[in-house]
K.L.:
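Quick one: the structure is below, and I'll ask about it shortly.
Everything numeric in this text was worked out from a predicted model, so none of it was measured. Letters A, B, ... are given to chains in the order of the sequence lines, protein chains preceding strands, and every chain is numbered from 1.
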There are 2 protein chains.
Amino acid sequence: MQRAEPVSTTGPGMKATIRNVAKLAGVAPSTVSHYLNRTAQLAPETAQNVERAIAALDYRVNWGARSLRLKRTHSIGLIIPNINTPYFGELAGIIENVLWDRSYQMLLCISERDPERELSHFATLVSRQVDGILMVYNQERENRAAQTKTPVPLVFLDRAVTGAPSVSSDNYLGGKLAAEHLISSGHRQIALLSGEPAIRNVADRLAGFNDVLARHGLRVLPEHTLEGLQDLELGSRVGELFLKRPYPTAVFATNDIVAISAWCELVRRGFRVPGDVSLIGFDDIQMSRFLVPPLTTVAQAAPRIGREAVELLVDLINRKDQFVNAAPTHVKVAPALMVRGSVAAPPEGGEP
Amino acid sequence: MQRAEPVSTTGPGMKATIRNVAKLAGVAPSTVSHYLNRTAQLAPETAQNVERAIAALDYRVNWGARSLRLKRTHSIGLIIPNINTPYFGELAGIIENVLWDRSYQMLLCISERDPERELSHFATLVSRQVDGILMVYNQERENRAAQTKTPVPLVFLDRAVTGAPSVSSDNYLGGKLAAEHLISSGHRQIALLSGEPAIRNVADRLAGFNDVLARHGLRVLPEHTLEGLQDLELGSRVGELFLKRPYPTAVFATNDIVAISAWCELVRRGFRVPGDVSLIGFDDIQMSRFLVPPLTTVAQAAPRIGREAVELLVDLINRKDQFVNAAPTHVKVAPALMVRGSVAAPPEGGEP
DNA sequence: TTGAAAGCGCTAACAC
DNA sequence: GTGTTAGCGCTTTCAA
């Protein structure tokens, strides 16, 4: 039992609940509810009274209570590895915008690539009754993906996951675009700054890249390949590609961050880009446009990915029949080559 | 009245509510609640039964319902102008992390610098019963700040706002640091890439900067001043500072984004940084470290700002006495000069 | 140690 | 058009 609150039950000190608004307006709570939700037409005078009461109490609906009743919170959860990786940050921004248009609220969760944390966030979101979840899945090897029971509509972002709907770039195509551009620019000795090939996205980019090379009778030499986490550190190891001749004349980095840090390191070592070495990245993060010259890269269409993902999720949410039964949709968004300044013909008289 | 759901009332198909868990375990709902919240010690056997029932139904508490009872959602709202401005993105990431430690959930709202949208987000957050709000206030002239009634604990971030608690950088000090560094490096002809002076943060940085200059008998010439929105476009206008001699030998940009875009433009025009022109920024965004040479800048301690803000907010939330009465706390975090590669002595024999 | 019951603020039958 | 009422899923007195 609740103890009685020592609050005046009729003054402006009364709590702003629908019940009190009703009392103050001299109507029933349901009438107020109807007014708020435009679910019935009130007599003008009644409406007036309700309006006044609402204003007097500075009343706002309690979304928590409404959600409990309606079983819809009109909120969705977004789980991403982190927010400072520009690509994810941009994605998050876009998604917030699309959700705003549809008047959904976004719970942002950052996993820091920690599977435990990711799982915990997921559970919390479910517990909070979000209407759906958007998620950049962290598990490199997908083991867990299949097991994921989804008590809530779920769309995977950025990486395709078997058995669940997803929206991602066509990474294979992206890899092809990079290779074609390098080859048509005249490069034959091409090096690779690769992420971990166990990661599906990386693998796809590599596959597309290598397939095109192979078709031209080319391949990347083992000593021209560096693998690692796709971060700044990997790029800064670019020097290892230039230990012995023949030097590569172009480098494909599987993301822009790596490309940019490689670029810095190359400049530090006296190489000019693209004069001595050409460089092509992947993602098209904002920063890429501000290098001098700007970075040639394969653009993932973040805006389209974000928008499609939200739309897919909202469809799932509104679907009357159980989403569980539907065959999962996989949306693949085509990336685009952004020809800018970091790729040129290989140097004339051999290498620097 | 609810219509009866055609769901078995006892099989594993029953809905995962505390009531059903109780039924399945042969106990009362309150007992399950006690078990969940460790608010009473259950007999071992009872506990077993409850556990089993929970597992059988895959039960998870409904946070919405709990919040309604408890009148605390354990969630907070963060409103920022956008997420792609690196400084705000970093702040958001830090805040999410601190909130994670305290097991709060974060609703992220982006205002896109639109006051209407900001207000709307604010109202929604209140309606959703967040326990508190963290907000980078958008109004340049603070008019609205005083009016803001806060039905919920509120801490302003990044910009101080009179009459409400806030956490921000000591921008005046930051301006001083920049000026001192430039002067001690030998510069006398200094130019300014200024944000709009109506913005308090900008004004403070400028004040600190100009005060130090004045103390040294220096000032920034009108033709060496460019004002505008603090974005890429402003930086790209840097050429306008070099229309007639004497050229400035150093440029202070009131944020890093502007500094970096100015840098690009300078390089494009054949100036070397810092050989011909020195450049100093403000913020210390991630990208600054990856230029060649890296950008000298005044670092805002984003991690400290984020952490302090969350702590202040949580204190406010937990305060038993009404937060409204407390004199608002203003936390000022001291920025730090990051001496890196973009400031050098002015060129010897005059200007380029 | 456990249970009965009230009620958080809201919506939606249904009756008038 | 408007009111009555039950109930969303949970916690919490209070009594047993």
Side-chain angles (χ1 to χ4, degrees), chain A residues 1-5 7 9 14-50 53-54 57-74 126-129 131 151, chain B residues 1-5 7 9 14-50 53-54 57-74 126-129 131 151:
Chain A
M1 219 177 292
Q2 299 290 108
R3 85 197 130 81
E5 292 279 330
V7 176
T9 163
M14 55 201 294
K15 274 176 51 192
T17 69
I18 205 174
R19 190 166 235 97
N20 283 339
V21 169
K23 199 176 292 178
L24 200 60
V27 300
S30 61
T31 306
V32 179
S33 175
H34 279 136
Y35 172 81
L36 291 169
N37 302 308
R38 310 181 196 299
T39 169
Q41 184 74 277
L42 304 204
E45 202 192 345
T46 317
Q48 282 266 329
N49 289 339
V50 171
I54 287 177
L57 294 181
D58 189 24
Y59 169 81
R60 322 155 180 241
V61 323
N62 179 324
W63 260 92
R66 171 180 280 176
S67 298
L68 182 58
R69 228 358 268 245
L70 258 34
K71 293 168 177 317
R72 308 177 79 242
T73 56
H74 236 78
V126 172
S127 221
R128 278 188 191 268
Q129 319 292 120
D131 293 342
Chain B
M1 211 178 299
Q2 298 290 108
R3 85 196 129 83
E5 291 281 329
V7 176
T9 164
M14 57 202 295
K15 272 176 50 191
T17 69
I18 205 173
R19 189 168 233 98
N20 282 340
V21 170
K23 197 175 292 177
L24 201 60
V27 299
S30 59
T31 305
V32 179
S33 175
H34 280 135
Y35 171 82
L36 291 169
N37 302 306
R38 307 181 201 301
T39 171
Q41 183 72 277
L42 303 203
E45 202 192 344
T46 317
Q48 281 266 329
N49 289 339
V50 172
I54 287 177
L57 294 181
D58 189 23
Y59 169 80
R60 324 160 179 233
V61 322
N62 179 323
W63 261 91
R66 169 181 281 175
S67 298
L68 182 58
R69 237 344 276 243
L70 260 32
K71 293 170 178 314
R72 309 176 80 241
T73 56
H74 236 78
V126 172
S127 222
R128 277 187 192 270
Q129 320 292 119
D131 292 342

K.L.:
Rounded to whole angstroms, how far apart are OH on A/Y35 and P on C/dT11?
P.N.:
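Rounded to whole Å, this separation is 14 Å.
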
K.L.:
Could you tell me whether a side-chain N or O of B/R128 sits under 3.5 Å from a main-chain N or O of B/T73, the two making a donor and an acceptor?
P.N.:
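Checked: no pair found.
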
K.L.:
Quick one: B/R66 CZ to C/dG9 C1', roughly how many Å, whole number?
P.N.:
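Those two atoms, CZ and C1', are 18 Å apart.
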
K.L.:
With a 4.0 Å cutoff (strictly under), does any side-chain N or O of B/K71 reach OP1 or OP2 of D/dT11?
P.N.:
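Indeed not, no polar side-chain atom of B/K71 lies that close.
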
K.L.:
Holding to side-chain hydrogen bond (donor to acceptor under 3.5 Å, both in side chains), I want the full list of residues that pass it with A/N62, two or more places apart in sequence or in another chain.
P.N.:
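By the side-chain hydrogen bond (donor to acceptor under 3.5 Å, both in side chains) rule, A/N62 matches no residue at all.
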
K.L.:
Give me the bend of the helix from C/dT1-D/dA16 to C/dC16-D/dG1, using the axes of the five pairs at each end, rounded to 10°.
P.N.:
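Rounded value for the end-axis angle: 30°.
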
K.L.:
Reckon B/N62 has a side-chain N or O less than 4.0 Å from the OP1 or OP2 of D/dC8?
P.N.:
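False: B/N62 side-chain N/O out of range (4.0 Å or more) of D/dC8 OP1/OP2.
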
K.L.:
Between atom CG in A/L70 and atom P in D/dG7, what is the gap in whole Å?
P.N.:
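Value for this atom pair: 17 Å.
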
K.L.:
Using the side-chain hydrogen bond (donor to acceptor under 3.5 Å, both in side chains) criterion, which residues pair with A/S33? Sequence neighbours excluded.
P.N.:
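Scan of A/S33 (side-chain hydrogen bond (donor to acceptor under 3.5 Å, both in side chains), adjacent residues dropped) gives A/N37.
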
K.L.:
What's B/S33 touching, base or sugar-phosphate or nothing? Going by heavy atoms closer than 4.0 Å.
P.N.:
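Base: the residue B/S33, judged by heavy atoms under 4.0 Å, touches a nucleobase.
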
K.L.:
Output the rounded distance in Å from CD1 (A/I18) to P (D/dT4).
P.N.:
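Interatomic distance, CD1 of A/I18 to P of D/dT4: 14 Å.
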
K.L.:
Given atom CZ of A/R69 and atom C1' of D/dG9, what is their separation to the nearest angstrom?
P.N.:
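Atom CZ in A/R69 sits about 12 Å away from atom C1' in D/dG9.
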
K.L.:
Between A/K15 (NZ) and C/dG9 (C1'), how many Å, whole number?
P.N.:
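In whole Å, C/dG9 C1' lies 8 Å from A/K15 NZ.
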
K.L.:
Under 4.0 angstrom, heavy atoms only, what part of the nucleic acid is A/S30 near: base, sugar-phosphate, or nothing?
P.N.:
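Since a base atom lies under 4.0 Å of A/S30, the category is base.
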
K.L.:
Can you name the nearest heavy-atom pair linking A/N20 to A/K15, along with the distance?
P.N.:
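Of all heavy-atom pairs spanning A/N20 and A/K15, the closest is ND2-O, 2.7 Å.
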
K.L.:
Pick base, sugar-phosphate or nothing for B/T46, based on heavy-atom distances below 4.0 Å to the nucleic acid.
P.N.:
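Touches sugar-phosphate only.
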
K.L.:
Under the side-chain hydrogen bond (donor to acceptor under 3.5 Å, both in side chains) rule, collect the residues that match up with A/Q48, sequence neighbours excluded.
P.N.:
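With neighbours one apart ignored, the set is A/R52.
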
K.L.:
If you assign each of B/L68 and B/T31 to its closest nucleotide in DNA chain C, which residue comes earlier from the 5' end?
P.N.:
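Here B/T31 is the residue nearer the 5' end.
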
K.L.:
If you only use heavy atoms from C-beta on, which nucleotide in D/dT2, D/dG1, D/dG9 is closest to the side chain of A/A40?
P.N.:
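The listed nucleotide nearest to A/A40's side chain is D/dT2.
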
K.L.:
Restricting to side chain to side chain contact (heavy atoms under 4.5 Å, CB included), what partner residues turn up for B/A25, sequence neighbours left out?
P.N.:
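By the side chain to side chain contact (heavy atoms under 4.5 Å, CB included) rule, B/A25 matches B/V27, B/N49, B/V50, B/A53.
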
K.L.:
For A/R19 and C/dT11, give me the distance from atom CZ to atom P, rounded to whole Å.
P.N.:
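Checked: the CZ to P distance equals 13 Å.
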
K.L.:
Taking CD1 from A/I54 and C1' from C/dG9, how many angstroms apart are they, rounded to a whole number?
P.N.:
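A/I54 atom CD1 is separated from C/dG9 atom C1' by 14 Å.
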
K.L.:
Heavy atoms only, 4.0 Å cut-off, all strands: where does A/L42 land among base, sugar-phosphate and nothing?
P.N.:
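Here A/L42 touches the backbone only, sparing every base.
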
K.L.:
Going by the rule side-chain hydrogen bond (donor to acceptor under 3.5 Å, both in side chains), which residues pair with B/R19 if we only count those two or more places apart in sequence or in a different chain?
P.N.:
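B/R19 satisfies side-chain hydrogen bond (donor to acceptor under 3.5 Å, both in side chains) with no residue once adjacent residues are dropped.
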
